[in-house]
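The structure appears below as structure tokens.
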Amino acid sequence: MTLLIMVINHNRLKDKESQTFFFMSLFMLIWVDFAYLARIFGNNTNVSETFLRIAWTATPFLFYTTYLTSNYLIGEKLNKHISFPVFLITVVLGLSAAIGKHVISGVTFTSATLDIIYGDFFFAFMMGIFLIMVATILPVIRKKPSRKVLIFLVGVILFYISNFIFNIFLPVFMDITYLYYLGDYSTILLLAFTTYAVLRHELFDVKVFAAELLTVIIWGVLFTQVLLAADSTQLMIDSAVLAVMVVFGILLIRSVTKEVQQKEELENLARKLKHMDEVKNEFISVAAHELRAPLTAIKGYLSMILDGDAGKITPQAKEFLQDSLLSNERMIRLVNNMLDVGRIEEGRIVYQKGYAHVSELMRRAYTEFRLEAERKQLDLRLEIDKEVEDRVYVDPDRLHEVIVNFLSNALKYTEKGWVALKVSNPRSGWVRAEVSDSGVGITKKEQKKLFRKFYRIRSEAGKTIGSGLGLYVSKLLIEKFGGKIGVESEFGKGSTFWFELPVSKKKS
Ligand code: ADP
């Protein structure tokens with residue numbers, strides 16, 4: 001009964017599953033209570049039989065509402081071709097138990113045990129119940145059930161099993177009727193598990209209920225004391241205490257309700273934020289995609305003009321065009337990083353894995369960026385150990401992207417001095433690539449946050465273009481390839497960005 005009130009109280013029967021659950025509990029109460037009464041009034045067989053009839057009439061409806069609740073819980077739309085026959089069976093079974101002697105033909109009461117004399121329709125009645133059971137279980141099995149539904153299902157199955165054992169198998173086939181009541185009480189299992197399933201995700205509402213229950217009990221106790229007050233002084237004191245408790249009780253319930261409402265609001269907000277985050281990611285990926293095509297076209301035309309395909313150009317025009325080309329390259333890198341983030345995070349990226357030599361990729365990046373370094377008058381160096389073991393199993397183009405991210409950052413955040421690329425074996429089985437610079441450097445505090453999504457150092461963000469995605473994407477990629485990534489830096493002196501990957505040995 002308490003469980004029933006709890007669910008009604010919980011959402012004031014707003015949704016379908018609690019409405020059907022309410023009726024399920026109601027039929028359950030009718031069944032259990034009247035079956036109990038039938039035993040109590042066992043020696044008056046007429047009354048007992050009437051009670052039993054009521055209990056048995058409620059039974060098919062209990063199974064029907066269990067069927068409905070189960071369907072709503074798994075979020076399945078009712079299939080009319082199934083639900084209508086099930087409803088029909090329910091009504092026929094209910095009527096047949098209520099009227100005539102076809103299901104229950106009579107009762108006998110010997111030595112404190114109630115025995116039911118079954119009518120000729122009894123077997124059909126049981127078959128009907130069995131059909132409703134099957135209709136309940138089938139859709140649940142077909143659909144992969146969630147935790148919530150699983151809990152409910154455990155209740156239903158326990159209920160069915162004990163029902164089958166105590167109400168059908170033992171009395172019908174073994175003539176053991178004195179355990180019959182265990183079958184009736186098994187409904188409690190169904191009720192308990194269902195309540196748990198329904199409330200599972202809204203435990204806080206139970207908190208409101210608990211507060212309300214406690215308050216009402218206290219009021220009840222105090223009110224009884226008022227009624228039982230021995231003299232007028234006692235009456236006054238008790239009344240005053242009751243009045244104070246009424247006020248405090250209301251305040252208590254209000255504050256708990258408010259807390260629950262706030263929690264619900266927070267949950268809603270969190271849901272909205274998550275949705276907005278998804279929309280934002282989608283926007284980034286669409287925008288990046290649309291930007292890439294024109295940028296690539298610009299790159300192509302600029303290269304053609306620089307190669308002299310459009311006729312002779314003056315040295316100054318060439319310089320301007322080279323600058324444009326570099327800026328364009330930067331934009332392409334940025335857009336690529338924007339595209340990669342979504343793909344990597346959602347696991348949509350397809351890696352073209354193969355063997356690569358880190359030194360070769362570093363050399364390639366060095367060549368690509370020499371011009372940019374020259375234009376900034378930076379000394380770009382390449383230092384590779386001759387004997388270095390640097391064969392790795394990665395997606396070579398993606399690893400190249402990481403190096404490019406490091407190197408373009410180093411050039412971007414260095415105004416004078418040098419940028420160096422290094423490859424070495426820090427310890428056996430590992431290869432380490434470093435990009436160092438004599439640039440602005442990064443404070444210890446900032447270093448910790450660098451590899452986060454969209455993170456840009458505030459003092460730098462105004463001066464340079466960037467998205468704060470390069471390092472984040474690099475980290476995701478390196479970790480995907482089984483490596484480590486990091487930074488060492490001193491503010492004002494320069495930085496070293498590095499990654500280490502396991503060497504894949506050549507088969508000898
Ligand atoms: P972006 O460069 O597009 O802003 P990144 O993820 O590549 O994004 O870098 C994040 C931030 O880390 C940069 O905004 C910059 O402040 C800092 N940073 C990266 N590389 C260096 C470097 N070599 N020297 C100083 N700061 C750097």
Side-chain angles (χ1 to χ4, degrees), residues 280-281 284-285 287-288 291-292 295 326-345 361-362 365-366 368-370 372-373 375-383 398-423 432-480 483-500:
K280 184 204 70 195
N281 282 346
I284 289 179
S285 120
L291 281 170
R292 202 158 65 160
L295 287 174
L326 289 180
S327 300
N328 191 62
E329 288 284 351
R330 229 171 280 146
M331 292 278 275
I332 291 178
R333 278 199 300 277
L334 203 133
V335 165
N336 278 343
N337 279 331
M338 279 158 84
L339 273 175
D340 281 352
V341 166
R343 289 193 196 144
I344 300 175
E345 283 182 344
L361 294 176
M362 290 286 262
Y366 170 81
E368 286 167 358
F369 279 84
R370 224 167 23 188
E372 190 166 342
R375 298 191 76 84
K376 269 189 106 173
Q377 291 178 330
L378 295 172
D379 179 14
L380 187 61
R381 305 171 195 158
L382 186 67
E383 299 165 19
R398 302 282 173 198
L399 190 60
H400 175 254
E401 263 174 45
V402 175
I403 297 171
V404 164
N405 276 333
F406 281 3
L407 186 50
S408 64
N409 276 348
L411 293 170
K412 190 156 66 170
Y413 301 107
T414 306
E415 286 314 315
K416 60 173 193 285
W418 50 266
V419 170
L421 302 168
K422 252 188 242 174
V423 182
R432 179 181 171 102
E434 285 179 7
V435 178
S436 314
D437 62 56
S438 60
V440 292
I442 306 153
T443 61
K444 284 265 170 309
K445 209 171 129 198
E446 304 275 19
Q447 285 175 30
K448 286 193 197 111
K449 306 181 203 157
L450 273 193
F451 294 91
R452 289 185 198 160
K453 194 173 174 179
F454 293 122
Y455 189 78
R456 305 198 70 207
I457 296 173
R458 207 170 273 175
S459 55
E460 294 301 321
K463 299 183 210 157
T464 52
I465 64 159
S467 60
L469 285 174
L471 291 178
Y472 175 67
V473 169
S474 305
K475 183 177 155 80
L476 292 181
L477 288 172
I478 292 293
E479 283 172 356
K480 197 86 207 162
K484 291 180 215 151
I485 192 167
V487 60
E488 277 139 30
S489 177
E490 200 173 324
F491 186 63
K493 293 218 167 139
S495 326
T496 298
F497 282 84
W498 58 264
F499 65 79
E500 291 179 0

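Counting convention: from 1, in listed order, for ligands and their atoms alike. Small disclaimer: the values here were computed from a predicted structure and weren't measured. Side chains included, hydrogens not; waters and symmetry mates left out as well; all remaining heavy atoms used.
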For ligand 1, which atoms, with element, lie under 4.0 Å from some heavy atom of [X]?
X	answer
Leu471	5 (P), 6 (O), 7 (O), 9 (O), 10 (C), 12 (O), 19 (C)
Leu469	6 (O), 8 (O)
Ala410	23 (N)
Val440	25 (C)
Tyr455	10 (C), 11 (C)
Gly468	1 (P), 3 (O), 4 (O), 6 (O), 8 (O)
Leu450	11 (C), 12 (O), 17 (C)

So how far is it from [X] [atom1] to [Y] [atom2], rounded to the nearest 0.5 Å?
X	Y	atom1	atom2	answer
Leu469	Tyr455	CG	OH	14.5 Å
Glu500	Lys484	CD	NZ	5.5 Å
Ile442	Gln447	CD1	CD	6.0 Å

With a sphere of 6.0 Å drawn around [atom1] of [X], does it hold more than 12 non-hydrogen atoms of other residues, nucleotides or ligands?
X	atom1	answer
Lys480	NZ	no
Lys280	NZ	yes
Lys422	NZ	no
Lys493	NZ	no

Per atom 20 (N) of ligand 1, closest listed option by heavy atom (Asn409, Asn337, Thr414, Leu407)
Asn409
Atom 21 (C) of ligand 1: which of Tyr413, Phe451, Phe406, Tyr472 has the nearest heavy atom?
Tyr413
Could you work out, with ring-ring contact (aromatic ring centres under 6.0 Å, His included) as the rule, every residue matching Phe499, not counting sequence neighbours?
none
Of the backbone atoms (N, CA, C, O) and the side-chain heavy atoms from C-beta on, which set of Lys412 has a member under 4.0 Å from an atom of ligand 1: side chain, backbone, both, or neither?
side chain
Mind checking whether Ile457 contacts ligand 1 via backbone (N, CA, C, O), side chain (CB onward), both or neither, at a 4.0 Å heavy-atom cut-off?
both
Is [X] near ligand 1, meaning one of its heavy atoms is under 4.0 Å from it?
X	value
Phe497	yes
Asn405	no
Gly439	no

Asp437, any N or O under 3.5 Å of ligand 1 N or O:
yes
Is there a polar contact between ligand 1 and Ile442, counting only N or O atoms under 3.5 Å apart?
no
Would a line drawn from the ring center of Tyr472 to the ring center of Phe451 be shorter than 6.0 Å?
no
What residues form a side chain to side chain donor-acceptor pair (under 3.5 Å) with Ser285, not counting sequence neighbours?
none
